[in-house]
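First up is the structure itself, then whatever we jot down about it.
Here is how names work: the chains are called A, B, and so on, in the same order as the sequence lines, proteins then strands, and each is numbered from 1.
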Number of protein chains: 2
Amino acid sequence: MHFIKSYTSAPKHLVAVDCIVFGFDNEDLKILLVRRPIEPVKGEWSLMGGFVQEGESLDDASKRVLYALTGLHDVYLEQLYTFGEVDRDPVDRVISVAYYALIKIADYDREIVRENGAQWFKVTDYPKLIFDHDRMVQTAISKLRRKCRTQPIGFELLPEKFTIPQLQNLYEAILNQKLDKRNFRKKILSMNLLDKLDEKDKENSKKGAFYYRFNKEKYELLTSNGFSFEI
Amino acid sequence: MHFIKSYTSAPKHLVAVDCIVFGFDNEDLKILLVRRPIEPVKGEWSLMGGFVQEGESLDDASKRVLYALTGLHDVYLEQLYTFGEVDRDPVDRVISVAYYALIKIADYDREIVRENGAQWFKVTDYPKLIFDHDRMVQTAISKLRRKCRTQPIGFELLPEKFTIPQLQNLYEAILNQKLDKRNFRKKILSMNLLDKLDEKDKENSKKGAFYYRFNKEKYELLTSNGFSFEI
DNA sequence: CCAAAAGTGTTCATCGTACACCCATGT
DNA sequence: ACATGGGTGTACGATGAACACTTTTGG
């Protein structure tokens with residue numbers, strides 16, 4: 001009886017969500033950062049965040065914040081970790097639940113992003129962030145790095161149609177290491193998750209590279225038969 | 001400016017921590033459950049939990065709750081996930097940060113556990129739990145299952161000195177599958193993380209099995225040289 | 001015709017997996 | 001002597017890693 005305080009005597013806390021938004025521009029893995037609109041440290045770079053409202057679940061709060069930042073609904077969004085140090089925010093005690101999103105970088109609403117004073121930065125080179133936001137970003141990068149090896153989440157960062165070299169660039173950017181193109185192609189194609197299209201991308205080479213599409217149905221079928229994705 | 005409410009106008013929430021405590025009795029993987037001491041659903045089985053206090057970090061709150069339940073300090077304790085559905089607790093809105101602990105089952109304080117009305121249950125067969133606690137337990141089990149394959153956390157569930165068959169039983173219990181004993185022994189010993197003792201455990205067989213000890217220093221040295229644990 | 005990116009196979013070492021018998025000892 | 005759990009080795013297939021040249025075509 002002593003270990004759980006009654007509901008009425010328990011203290012209440014500010015709870016926020018902060019979103020790490022990842023995008024890929026065929027070159028680098030990037031995150032979307034905003035200039036903090038309120039004091040203190042107004043104008044400093046920070047993650048997009050917001051307080052959890054009454055009657056609003058954490059997942060809903062993170063969707064709301066992501067929508068307010070990018071104009072996007074229905075994107076890959078997953079809870080990352082909850083940061084609960086007492087002094088992490090100098091103004092007041094705020095418990096912050098971090099989420100990370102993977103978006104197709106072509107899809108976000110430029111107007112909204114501009115209004116928010118947001119900008120894309122390479123994950124390898126971004127400005128100093130307020131509070132513990134740098135730790136949040138680093139936690140998100142490690143999680144993404146681990147997870148992209150065993151779950152087909154990389155496709156969330158690419159357009160519907162993509163080429164094998166594009167996909168390889170993505171993995172190289174996430175994992176921050178070069179991969180052998182023959183081995184990469186062999187491996188990814190051997191999983192039979194990609195549908196080859198007739199069309200070619202001629203933007204990045206004269207010869208052109210065939211487009212592929214991730215086939216979610218095939219993935220789910222294989223998965224239910226014990227298959228597991230691995231890069 | 002519209003996306004982040006001011007600190008003063010933001011609503012505050014009850015925040016709890018709930019602990020999934022794992023133990024291993026050389027036979028089964030178990031969790032420690034308590035009978036809820038307050039209304040509503042007083043007397044039903046539940047995870048041990050408590051409200052986060054002012055000036056108390058989430059990690060500290062989880063340590064406090066774990067100590068109150070088991071009398072144990074300094075055990076493996078890791079944040080699992082934060083459950084934030086609005087209606088997850090019927091009394092009032094409570095955001096709950098779940099933690100899981102791995103303890104050496106011989107070490108807990110029997111007196112304290114008894115006072116709490118707590119009991120050990122097999123993870124394969126435990127009673128109905130209140131609210132979303134069953135989902136928390138299942139989430140913890142999957143996390144443990146995934147994590148024990150790539151991090152040497154299994155040892156947290158065993159005494160300092162253990163035998164190879166004991167270790168294998170542990171992995172079989174966590175993963176819920178039989179393993180080949182020759183391959184298991186070969187693999188675990190080939191990592192050079194275990195120190196063989198001269199002593200034998202004669203409890204479980206007439207021949208007796210040699211004790212081993214996990215050598216954390218070796219593990220850290222190997223890890224810093226690029227080694228990665230894998231079962 | 002040449003620069004630039006796409007596409008393609010083979011070899012080798014390593015690792016995972018399957019599998020069956022002897023050993024030590026307490027009763 | 002026998003039942004019980006501890007301990008050992010090998011062979012095979014699958015997988016991951018290293019590696020170089022040809023193709024296409026826009027300029």
Side-chain angles (χ1 to χ4, degrees), chain A residues 25-28 145-146 148-150 158-159 161-173 175-213 222 225-231, chain B residues 24-28 148-150 158-159 161-173 175 177-213 222 225-231:
Chain A
D25 66 357
N26 281 338
E27 187 77 14
D28 295 292
R145 222 166 247 174
R146 235 173 313 118
C148 77
R149 306 191 77 116
T150 54
L158 291 174
K161 302 187 302 187
F162 52 85
T163 67
I164 305 290
Q166 253 180 302
L167 182 62
Q168 181 173 347
N169 286 342
L170 171 65
Y171 274 94
E172 290 180 344
L175 300 173
N176 197 25
Q177 61 175 337
K178 279 280 171 198
L179 302 172
D180 179 278
K181 66 174 174 168
R182 278 168 293 190
N183 294 339
F184 182 82
R185 178 181 290 265
K186 199 190 318 173
K187 183 143 201 178
I188 199 83
L189 290 180
S190 74
M191 288 193 264
N192 281 313
L193 296 173
L194 303 188
D195 294 335
K196 186 177 185 172
L197 308 186
D198 285 330
E199 204 179 343
K200 274 187 169 186
D201 162 42
K202 311 276 283 187
E203 301 236 326
N204 298 299
S205 77
K206 294 155 184 179
K207 181 175 177 180
F210 280 104
Y211 279 119
Y212 289 79
R213 202 180 354 232
L222 286 167
N225 293 344
F227 163 81
S228 56
F229 183 87
E230 187 157 357
I231 286 290
Chain B
F24 177 65
D25 65 358
N26 280 337
E27 188 73 15
D28 295 292
C148 77
R149 306 191 77 115
T150 55
L158 291 174
K161 303 186 301 187
F162 52 84
T163 68
I164 305 290
Q166 252 180 303
L167 183 62
Q168 181 174 345
N169 286 342
L170 170 64
Y171 274 94
E172 291 180 346
L175 301 173
Q177 60 173 340
K178 278 282 171 195
L179 302 172
D180 180 278
K181 66 176 174 168
R182 279 169 294 192
N183 294 338
F184 182 82
R185 180 180 289 266
K186 198 191 319 173
K187 182 142 201 181
I188 198 83
L189 290 179
S190 73
M191 289 192 260
N192 281 314
L193 295 173
L194 303 187
D195 295 334
K196 185 176 187 175
L197 307 187
D198 286 331
E199 206 179 342
K200 274 187 168 184
D201 162 42
K202 310 274 283 187
E203 301 233 328
N204 297 300
S205 78
K206 294 157 183 174
K207 180 174 179 181
F210 280 104
Y211 280 118
Y212 290 78
R213 200 174 3 225
L222 285 166
N225 292 343
F227 162 83
S228 55
F229 183 88
E230 188 157 357
I231 285 290

Between atom [atom1] of [X] and atom [atom2] of [Y], what is the distance when rounded to the nearest 0.5 Å?
X: B:Ile231; Y: B:Asn183; atom1: CD1; atom2: CG; answer: 11.0 Å
X: A:Gln168; Y: A:Phe184; atom1: CD; atom2: CZ; answer: 5.5 Å
X: A:Lys181; Y: A:Glu172; atom1: NZ; atom2: CD; answer: 11.0 Å
X: A:Phe162; Y: A:Leu197; atom1: CZ; atom2: CG; answer: 9.0 Å

Is the closest basic N to carboxylate O distance between A:Glu230 and A:Arg149 below 4.0 Å?
->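 Salt bridge between A:Glu230 and A:Arg149, a charged N being under 4.0 Å from a carboxylate O: no.
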Atom-to-atom span, [atom1] of [X] to [atom2] of [N] - whole angstrom:
X: B:Phe184; N: D:dG9; atom1: CZ; atom2: C1'; result: 18 Å
X: A:Gln177; N: D:dA18; atom1: CD; atom2: C1'; result: 15 Å
X: A:Leu179; N: D:dA18; atom1: CG; atom2: C1'; result: 14 Å
X: A:Glu230; N: D:dA14; atom1: CD; atom2: C1'; result: 13 Å

Range on DNA chain C touched by chain B - first to last nucleotide, heavy-atom distance under 4.0 Å =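 Range of nucleotides touched by chain B: C:dG16 to C:dG26.
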Could you list, one pair per line, each protein nitrogen or oxygen that sits under 3.5 Å from a nitrogen or oxygen of nucleotides 5-8 of chain D, together with the distance?
unit_1	atom_1	unit_2	atom_2	d
D:dG6	O3'	B:Gly208	O	3.4
D:dG6	N7	B:Lys181	NZ	3.3
D:dG6	N3	B:Lys207	NZ	3.3
D:dG7	OP1	B:Phe210	N	3.1
D:dG7	OP2	B:Arg185	NH2	2.6
D:dG7	O5'	B:Arg185	NH2	3.4
D:dG7	N7	B:Lys181	NZ	2.9
D:dG7	O6	B:Lys181	NZ	2.6

B:Asn26 and B:Leu170, any side-chain heavy atoms less than 4.5 Å apart |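 Not in contact.
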Report yes if the side chains of A:Asn169 and A:Glu27 come closer than 4.5 Å at any heavy-atom pair, otherwise no.
->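 No, side chains not in contact.
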Have a look at B:Lys186 and say if it touches a base, only the backbone sugar-phosphate, or nothing, with a 4.0 Å heavy-atom cut-off.
->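 Counting heavy atoms under 4.0 Å across all strands, the contact made by B:Lys186 includes a base.
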Could you give all pairs that pass the side chain to side chain donor-acceptor pair (under 3.5 Å) test and reach residues 202-212 of chain B, with sequence neighbours left out?
->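 Matches after skipping sequence neighbours: B:Asp201-B:Asn204.
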